[in-house]
Amino acid sequence: MSKVRSMRDAVADLVHDGDVVAIEGFTHLICFAAGHEIIRQRKRDLTLARLTPDLIYDQMVAAGTARKLVFSWLGNPGVGGLHAIRRRVEDAVPAGEDPAPLELEEYSHFGMVGRYTAGASNLPFFPLRSYFETDLPKANPLIRPIRSPFGDETVYAVPPLKPDVTVVHAQRADAHGNTQMWGLLGCQKEAAFAAKRVIVVVEDLVDEMVIRADPNRTVIPGLIVDAVVVEPFGAHPSYVQGAYDRDNHFYRDWDAIAREAVTTQAWLEEWVYGVSGRAEYVEKLGADRVSSLRPSGEAPSGSVDYGVYR
Amino acid sequence: MSKVRSMRDAVADLVHDGDVVAIEGFTHLICFAAGHEIIRQRKRDLTLARLTPDLIYDQMVAAGTARKLVFSWLGNPGVGGLHAIRRRVEDAVPAGEDPAPLELEEYSHFGMVGRYTAGASNLPFFPLRSYFETDLPKANPLIRPIRSPFGDETVYAVPPLKPDVTVVHAQRADAHGNTQMWGLLGCQKEAAFAAKRVIVVVEDLVDEMVIRADPNRTVIPGLIVDAVVVEPFGAHPSYVQGAYDRDNHFYRDWDAIAREAVTTQAWLEEWVYGVSGRAEYVEKLGADRVSSLRPSGEAPSGSVDYGVYR
Amino acid sequence: MSEPRAVAETGTAAAAGTGPQGPAAAGTGPQGPAAATTFSKSEMMIVAAARELAGQRVCFVGVGLPNIAVNLARRTVAPNLELVYESGVFGAIPARLPLSIGDPTIVTGATAVVSMFELFSFYLQGGLVDVGFLGAAQIDRFGNMNSTVIGDYEHPKTRLPGSGGACEIAINARQVFVIMRQSKRSFVAEIDFRTSPGNLGGAETAARARREQGWLGRGPSVVVTDLAIFHFDETGEMRLDSIHPGATLDQVRETMGWEPKMADRPVTTPTPTPEELRLIREELDPEGAYTK
Amino acid sequence: MSEPRAVAETGTAAAAGTGPQGPAAAGTGPQGPAAATTFSKSEMMIVAAARELAGQRVCFVGVGLPNIAVNLARRTVAPNLELVYESGVFGAIPARLPLSIGDPTIVTGATAVVSMFELFSFYLQGGLVDVGFLGAAQIDRFGNMNSTVIGDYEHPKTRLPGSGGACEIAINARQVFVIMRQSKRSFVAEIDFRTSPGNLGGAETAARARREQGWLGRGPSVVVTDLAIFHFDETGEMRLDSIHPGATLDQVRETMGWEPKMADRPVTTPTPTPEELRLIREELDPEGAYTK
């Protein structure tokens, strides 16, 4: 049975007010298309989880969808801060400009990866060698010491994170949701297995036989996928290995846009509320911008042989 | 600098008497060639770790290389028992026929996987939901309860396993030891990262650019590899996806061979001590046997595009 | 590797055994006498196990009888059943009957091949498996199983294979299906070693342990043997519900180490239908490796 | 993402910062006056950091100055240096200067691309990383660093990016190299929040904590700034060992929140060689994105 849905339907049915939502992807494969649809559908009171909230959550926070962030690094990589989020966090900023203060729950990268891993594995905690002699366990009481039953060593533990919905962007999937990706993998697999519901967004919908030709490349099995959305260029201004480049100009532009609430809202009006979906966004972006982001050539992986065994 | 070595040199330099040795591979990619070389070099007092000791450890135990097994399933899959090992374990068998009793340290599959994972991650323990209400923690006091610091749940923990040497068989590697494999992956990655020294044995030595064309396919980085041994058909009677089939006949034959110490020793004389190495073993096996194990056709993975980004 | 192997190991009649057995006399099933034909005890076990899979979604399988049973179920009562192999394969479409759990034929053309860490962590412990198949050398009335040793652990009379994945399958699969041949040596009053927990000392203890220790599994739900079908009653004990055509109540009782509880009216297991037999004989095991 | 970003965030002069700075007056290095040329403060930082990498094997890198420094080291003092990117890439051979730690150019043609679980578990925590590069908004005399908040945690004056991987890098990398521009705001007597542990309250406390808690890291070994090079003495405190050509001792002291310990005879950092400058300008950062 095909799980292919429109982004509108997938978000409407699978993302609910108050949900814990993870749109994962470490710089690579960040699904802005899903984030924008969540904004358009005016979802509220979401807890947004990501290692690096990135522009996607800065936009979602600015649009008022979120009440809380769970994260490990809050910045615009290589550029600076995430101003919309900072406005709802820093004391110095005059109140009233944006909605209520944003709750923060903060880990390190490995702590977040461990949380998803515990969630995916149905473990009550994940142990790691981090946090020793830092102020992080004081700032976040969910980072707790745990004593090894072998020897008397103590390490730290983080609790499982089980999102209500995880959104994963990928190069390709079949209609059942069997999903393959290459390039940086981040912790999408763990975040997907940890989630109650999974939305996969792909550049290309492929025949099941394409997936079955290379089963070791499958990162997420259809078994855990609730909807497959086909949304080319759906990761822009993030990128898709082999398909398009990171739009570094936009990452820099956002720094200026997000510095003021008014310019931020104007941008949201124009680029999110003002379009019906990703197809219109891409059209608005223009063919030149799109083609300027294409790789300059192909770098084929080559093929390996699994062999026929009859 | 090339790490390519002969099997003889790799085993002589990297495997020492008394070592903890893991020749991993779950039915697939079991490196019999390395096991046989260890036998030929008359290594002694080894602790042999594997989820499924399989024929390889039955042979190594029969040859007197081992004093201890660390394992989770002790059998000849689909056939029956491992008789050489059983002779050194069961009380009923008359003593004296084989060397001293073999020490056993026993887990479940997930317990062994967890042990390697803890070893690879430098964790003092790995937690898992297994062993509840079983006799395994009584049989093995290294399986211990651990209480979660979140809520009052108790799960079980296993200690890290850090082999002195892990041997991994694979389809291909470059001269630096960057190794790619496909098909069943077992827990070779974890066992290799957990080890002090790693020997990679491959069907094909390839140019670095073959590896670099598909970096997501790399399972073991050259960084942790000490020696690369090129040994085609080195996994027989186990198999290599895309290259040759499992020799099920041999797995059945072994059942009869290993039932008596005398036939077992005769087999070792002929097929291990009696040959200089894998090349001679393959020659002795004969071209017909070898070609009968080749896949009946190709099943290409297809190629994906990583893109050129300049 | 999960369980049926353990049985093969002991020399007791094995769920995954390969020894030929004479065909049972044909019973008259729901399809009436016209459909009567001969079938083996193994075929009856496979058919009975397959039928129990109706409505299940994800099954954790080993080779041998469970593998044939799940594939039969996919072609009959459970067309959407998804198979997870312990060796790390999801969505296999084998071109031949796999001879071992790690046969390369289950890899080529599969949907996903994953590491054992991922398989045990995310698929099994993560709660995605609805049914796990187990067998053992010994089982007791509460479905607790032994595949480790006969005799004392330190000085065993028979050293069996051990847990493999059986221990965590028993705890984390939502329910457990058991396939084992019956004998006084395998259906015992007291098992020598508990490798895979079933209903412990009874339903109440088991429910408490599962709740307090956070098990995902609800424990064993059915035992299919060469002679009969048992389910577990409200006290957590095996209850004889159905006797296979050709077998007698006496045979069932004589091959058990305790006096079994019985359903009010044990029924006769409906015989394999011609279509079920055709699928087994022509498609699933044409060489009769597991079913003769 | 590791650290230099944190600095960019605060508005203090940033190790990974992109702001142009005027070229420093050329000093006379070991190569003699004939080789004298102009170079920027950033170039001096990169060169000084690269030289410190002599003899190191595996380096955990972020983008910006550390990325250029390690690539310069590979071409000069440490030809066998292996690079691990926090985003999960090993053995990258980027076709262009990567603009972010997740640039697709570091993936194409790399030796291995792995999940973050694997990167943090096996590479970093597993003990394979010899040198981790960090920077921060604040550092104290013992090399403890803050990249979380300025002010109170609950009501921060400035909300910084937070740890990213910095916390576990500080603990698990065998040693830590720090690259930061000096200022009274960044080199402080007391940091507001400890994100990445350095030598805690001093060498003795730090050694005890590392031993008892099983850290793999020996802590910070060098701090390279736009003005000077510091190492850590036997008490675990930063010691001024070398002043860059063009900088003065007064400048160094005026941009620190404490009176620095000094080597008996602080030397002048040897100026960049023409070859070092050529590599930076022609090969590593031809557009001068990080080095102007």
Side-chain angles (χ1 to χ4, degrees), chain A residues 26-28 51-52 71-82 85-86 89-92 104 106-114 116-117 128-136 138-139 153-155 182-190 238-242 244-246 248 251 295 299, chain D residues 1 5-6 8-9 11 16 18 63-64 86-89 99-104 107-109 113-117 120-121 124-125 144 146 148 151-168 170-172 193-197 200 206 209-210 212-216:
Chain A
F26 195 74
T27 77
H28 183 215
L51 271 64
T52 60
F71 73 100
S72 48
W73 193 80
L74 194 64
N76 181 343
V79 178
L82 294 173
I85 291 172
R86 283 177 65 174
V89 172
E90 291 175 9
D91 253 17
L104 297 187
E106 175 165 17
Y107 299 85
S108 60
H109 278 351
F110 194 27
M112 283 293 286
V113 171
Y116 285 130
T117 304
L128 67 168
R129 291 189 187 273
S130 189
Y131 304 124
F132 299 118
E133 306 290 340
T134 71
D135 290 325
L136 283 156
K138 279 172 246 169
E153 246 187 312
T154 293
V155 295
W182 51 97
L184 301 180
L185 302 176
C187 51
Q188 283 94 307
K189 179 187 289 186
E190 292 80 3
S238 171
Y239 72 101
V240 174
Q241 190 79 37
Y244 45 94
D245 203 349
R246 189 166 184 268
N248 292 306
Y251 273 81
Chain D
M1 296 165 188
R5 300 150 300 188
E9 179 73 7
T18 51
V63 284
E86 193 177 29
S87 50
V89 180
L99 284 171
S100 92
I101 198 178
D103 194 305
V107 166
T108 302
V113 175
V114 305
S115 72
M116 295 191 78
F117 177 83
F120 279 95
S121 294
L124 181 61
Q125 191 170 274
N144 301 296
N146 170 22
T148 303
D152 176 60
Y153 183 77
E154 292 298 335
H155 304 282
K157 188 165 154 289
T158 306
R159 173 65 226 195
L160 304 166
S163 165
C167 172
E168 39 258 1
I171 288 165
N172 293 295
F193 188 98
R194 193 190 287 163
T195 314
S196 309
L200 308 178
R210 287 178 189 131
E212 288 176 2
Q213 297 165 358
W215 304 18
L216 290 174

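Labels below follow one simple rule: chain letters A, B, ... track the order of the sequence lines, proteins then strands, and each chain is numbered from 1.
Between the side chains of A:Gln241 and D:Thr108, a donor-acceptor pair is found at a separation under 3.5 Å. Looking only at atom types and distance, the side chain of A:Ser108 has a donor-acceptor partner in the side chain of A:Tyr131 under 3.5 Å away.
Taking the side chain as every heavy atom from C-beta outward, A:Lys138 and D:Arg194 never approach each other to under 4.5 Å. Inter-residue side-chain proximity for A:Thr52 and A:Pro77 is flagged as unmet; no heavy-atom pair is nearer than 4.5 Å.
Proximity to chain D (any heavy atom under 4.5 Å) is restricted, for A:Ala299, to the side chain, taken from C-beta onward. Heavy atoms closer than 4.5 Å to chain D are found in both the backbone and the side chain of A:Phe110. With a 4.5 Å cut-off on non-hydrogen atoms, D:Phe117 touches chain A through its backbone and its side chain both. The contact between A:Glu133 and chain D is made by backbone and side chain atoms together, counting heavy-atom distances below 4.5 Å. Residue A:Leu51 touches chain D through its side chain alone, counting heavy-atom pairs closer than 4.5 Å. Both the backbone and the side chain of D:Gln213 come within contact range of chain A, judged by heavy atoms closer than 4.5 Å. Interface remark: A:Phe71 contributes side-chain atoms only to the contact with chain D (heavy atom separation under 4.5 Å). For chain D, the nearby parts of A:Leu128 are the backbone and the side chain; heavy atoms of each come within less than 4.5 Å.
In this structure, CG on D:Asp103 lies 9.5 Å from OG on D:Ser87, to the nearest 0.5 angstrom. One distance of note links OG1 of A:Thr134 with CG of D:Asn146; it measures 11.0 Å at 0.5 Å rounding. For the atom pair OG of A:Ser72 and CD of A:Glu106, the computed distance is 8.5 Å after rounding to the nearest 0.5 Å. Distance check: A:Leu74 CG to A:Leu82 CG gives 5.5 Å after rounding to the nearest 0.5 Å.
Ring geometry for D:Phe120 against A:His109 counts as perpendicular: the plane angle is over 60°, on a 0 to 90° scale with 30° as the lower cut.
Among A:Leu185, A:Asp135, A:Val155, A:Thr117, the residue making the largest number of heavy-atom pairs under 4.5 Å with chain D is A:Asp135. Chosen from D:Ser115, D:Ala170, D:Gly88, the residue pairing most often with chain A at heavy-atom distances under 4.5 Å is D:Ser115. Between chain A and the options D:Pro104, D:Ala209, D:Pro197, heavy-atom pairs under 4.5 Å are most frequent for D:Pro104. Your options are A:Ser238, A:Gly186, A:Gly183, and the one with the most heavy-atom pairs under 4.5 Å with chain D is A:Gly186. Note: A:Leu184 leads A:Thr154, A:Val113, A:Leu104, A:Leu184 in heavy-atom pairs under 4.5 Å with chain D.
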